[in-house]
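Counting from 1, the numbers follow the sequence of the chain as shown. Predicted, not measured: the structure shown is a model, and the values here were computed from it. Just follow the structure's listing: the first ligand is 1, and inside any ligand the first atom is 1.
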Amino acid sequence: MKTIILKVNADRPEKSKIRAAAKIIREGGLVAFPTETVYGLGANALDPKAVRRIFAAKKRPLDNPLIIHIADKADVYWLADKIPKDADKLMDLWPGPLTLVLKASDIIPKETRGGLSTVAIRMPNHKVALALIRESEVPIAAPSANLAGRPSPTTAEHVKQDLDGKIEMILDAGPTRIGVESTVIDLTSESPQILRPGGLTYEELKRILGDVRLHPSAIADRRVNLKYAPSPGMRHKHYSPEAQLIIVEGELNAMINKIQELVGLYRGKGRRVGILATDETQRSYHGAYVVKSLGSREDPSSMARNLFKLLREFDEEKVDIIIAEGVPMKSLGLAVMNRLRKASGFNIVKAN
Ligand code: TXA
Ligand code: MG
């Protein structure tokens with residue numbers, strides 16, 4: 001299959017291009033499109049055959065459900081059942097990087113739900129995504145548009161690296177603004193619970209809801225053994241570059257010293273070492289093959305925006321080992337650390 005790549009204006013999406021993409025969605029095809037978080041791989045959420053193609057293209061385990069993207073809040077009321085009142089408060093934050101897990105209505109195919117009785121729904125804050133959903137006239141199921149297990153795509157080029165020849169179209173509207181995926185919050189338990197920290201911060205959700213819990217696996221620094229994973233994505237390998245990834249966590253100076261020690265160790269073994277540092281620390285290291293900065297420690301949103309792109313860059317530069325600094329788990333730093341720890345397979349070294 002030849003994948004058509006269309007450049008689209010992010011602020012004023014060209015009608016003809018959106019129409020061409022929507023036609024593909026309506027006919028059961030796959031279109032990758034930008035959202036404010038990462039690029040998504042879209043199909044008609046109500047068409048089981050189209051949804052199965054998403055799983056095949058991504059090589060995604062069939063038990064990992066998809067997020068349904070909508071452009072009109074009213075759609076929640078026929079896609080979900082028994083909607084709690086917290087949902088209304090949270091829907092006021094839409095469009096935005098927040099996904100609500102609700103009880104699924106009978107209309108949702110089991111493929112889209114990954115066999116669960118719940119459904120995940122969000123309204124993305126991106127003109128291209130919203131135009132595509134409206135023009136398609138169907139809700140769009142869209143996981144991140146990467147091969148399963150790889151870092152999520154924040155540019156159309158990343159999508160091409162993973163899915164070229166497997167999908168009908170990629171809409172290219174430039175790099176995404178936030179860079180980590182949406183926050184997933186479960187509203188089907190007694191009190192709201194964050195299953196995946198993401199683009200909408202825990203601090204903000206606490207301010208709005210008062211009562212909100214973080215699922216232990218969202219903040220874990222080791223693999224949590226889950227008898228029952230409320231979010232199947234928690235159990236799967238994630239976000240990983242090809243290179244081995246080690247996270248060093250601790251007080252800033254101790255961390256720098258530990259990383260420098262590890263660079264010496266691995267270099268001695270003839271390994272090509274990359275360091276994922278920050279603006280404040282990147283000049284503290286010597287002897288590594290390459291040092292990249294995630295962004296400023298004072299600006300978690302910059303770190304979120306750069307994370308997945310940099311993980312892919314290390315692979316392109318054929319680094320054997322990436323040693324990454326831990327960053328403060330505040331604001332978007334929580335999502336960044338969640339992704340880094342998972343990407344490392346919880347290969348975490350504590351520096352003290
Ligand atoms: O920002 C985002 O959310 C991006 C863009 C494209 O919208 N999408 C995205 O989708 O990250 P995906 O499929 O890569 O991640 C969805 C996560 C998975 O961890 C999945 O297990 C979880 O949401 N999820 C989906 N439906 C669920 C449900 N019914 N209950 C619990 N977790 C669910
Ligand atoms: Mg994903």
Side-chain angles (χ1 to χ4, degrees), residues 31-43 45 51 54-55 57-71 79-81 94-105 108-126 128-130 132-133 139-154 158-159 162-163 171 176-189 192-200 215 217-218 226 228-240 304 308 332 335 338-339 342-343:
V31 176
F33 61 95
T35 77
E36 78 279 39
T37 57
V38 300
Y39 274 74
L41 177 59
V51 168
I54 292 183
F55 285 91
K58 278 182 60 94
K59 301 199 170 76
R60 180 177 175 108
L62 295 171
D63 67 353
N64 196 2
L66 307 180
I67 296 173
I68 299 186
H69 295 64
I70 59 173
L79 294 170
D81 275 344
W94 282 353
L98 179 66
T99 295
L100 308 183
V101 173
L102 299 162
K103 186 168 176 351
S105 78
I108 315 289
K110 66 173 187 313
E111 286 79 359
T112 308
R113 296 181 271 114
L116 300 179
S117 58
T118 54
V119 62
I121 306 177
R122 90 172 186 104
M123 189 190 294
N125 188 9
H126 195 295
V128 171
L130 292 170
L132 176 64
I133 299 162
I140 295 185
S144 50
N146 51 283
L147 285 174
R150 298 259 300 140
S152 294
T154 57
H158 297 158
V159 179
D162 282 16
L163 298 173
L171 293 176
T176 59
R177 191 165 49 77
I178 296 179
V180 292
E181 305 89 337
S182 63
T183 302
V184 178
I185 186 165
D186 181 6
L187 298 180
T188 66
S189 44
Q193 187 175 36
I194 296 172
L195 303 179
R196 177 178 73 180
L200 203 109
H215 190 277
S217 90
L226 295 169
Y228 168 74
S231 189
M234 288 173 181
R235 277 192 269 102
H236 298 121
K237 188 169 154 60
H238 255 308
Y239 316 118
S240 297
F308 289 133
L332 286 178
N338 168 273
R339 305 305 187 274
K342 284 189 118 187

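- Residue Thr99 places no N or O, backbone or side chain, under 3.5 Å from any N or O of ligand 1.
- Less than 4.0 angstrom separates some heavy atom of Ala142 from each of these atoms of ligand 1: 6 (C), 8 (N), 10 (O).
- For atom 7 (O) of ligand 1, the nearest non-hydrogen atom of the protein is His69 NE2, 2.6 Å.
- Selection from Val101, Thr37, Ile178, Val119 by nearest heavy atom to atom 30 (N) of ligand 1 gives Val101.
- Inclusion of Asn64 in the set of residues having an N or O under 3.5 Å from an N or O of ligand 1 is warranted.
- Summarising the geometry of Ile70 relative to Pro124, their closest heavy-atom pair is O-CD, 3.6 Å, with the distance given to 0.1 Å.
- Any N or O atom pair closer than 3.5 Å counts here, and Arg60 shares at least one such pair with ligand 1.
- With a heavy-atom cut-off of 4.0 Å, Thr118 touches ligand 1 through backbone and side chain alike.
- Across all their heavy atoms, Gly199 and Ile178 have their closest contact at CA-CG2, 4.0 Å.
- Counting protein heavy atoms only, atom 6 (C) of ligand 1 is closest to Gly40 CA, 3.5 Å.
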Run the salt bridge (charged side-chain N to carboxylate O under 4.0 Å, His left out) test on Arg122 and Glu36 for me, step by step, so that the C-alpha distance in whole Å, both residues' side-chain angles and the decisive distance to 0.1 Å come before the verdict. CA-CA 12 Å; Arg122 90 172 186 104; Glu36 78 279 39; 2.9 Å; yes
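- Neither the backbone nor the side chain of Arg113 comes within contact range of ligand 1; no heavy atom lies under 4.0 Å.
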Begin with the C-alpha distance, continue with both residues' side-chain angles, and end with the deciding distance and a verdict on side-chain hydrogen bond (donor to acceptor under 3.5 Å, both in side chains) for Glu181 and Ser152. CA-CA 8 Å; Glu181 305 89 337; Ser152 294; 2.5 Å; yes
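- Residue Ser144 counts as close to the Mg ion (ligand 2), with an N, O or S atom under 2.8 Å.
- With a 4.0 Å heavy-atom cut-off, ligand 1 is reached by the backbone of Ser182 and by its side chain too.
- Among protein heavy atoms, the minimum distance from atom 19 (O) of ligand 1 is reached at Gly233 CA, 3.5 Å.
- The shortest non-hydrogen separation linking Ala104 to Asp81 is O-OD2, 3.8 Å.
- Closest of all the heavy-atom pairs between Pro153 and Ser144 is CD-CB, 4.2 Å.
- The only member of Leu200, Thr35, Val38, Ile67 that meets side chain to side chain contact (heavy atoms under 4.5 Å, CB included) when paired with Ser182 is Ile67.
- Under 4.0 Å from ligand 1, not a single heavy atom of Asp186 appears.
- Ligand 1 has a nitrogen or oxygen under 3.5 angstrom from a nitrogen or oxygen of Arg122.
- For Lys58, no nitrogen or oxygen atom sits less than 3.5 Å from a nitrogen or oxygen atom of ligand 1, counting backbone and side chain alike.
- Among all heavy-atom pairs drawn from Pro143 and Ile54, the shortest one is CG-CG2, 3.4 Å.
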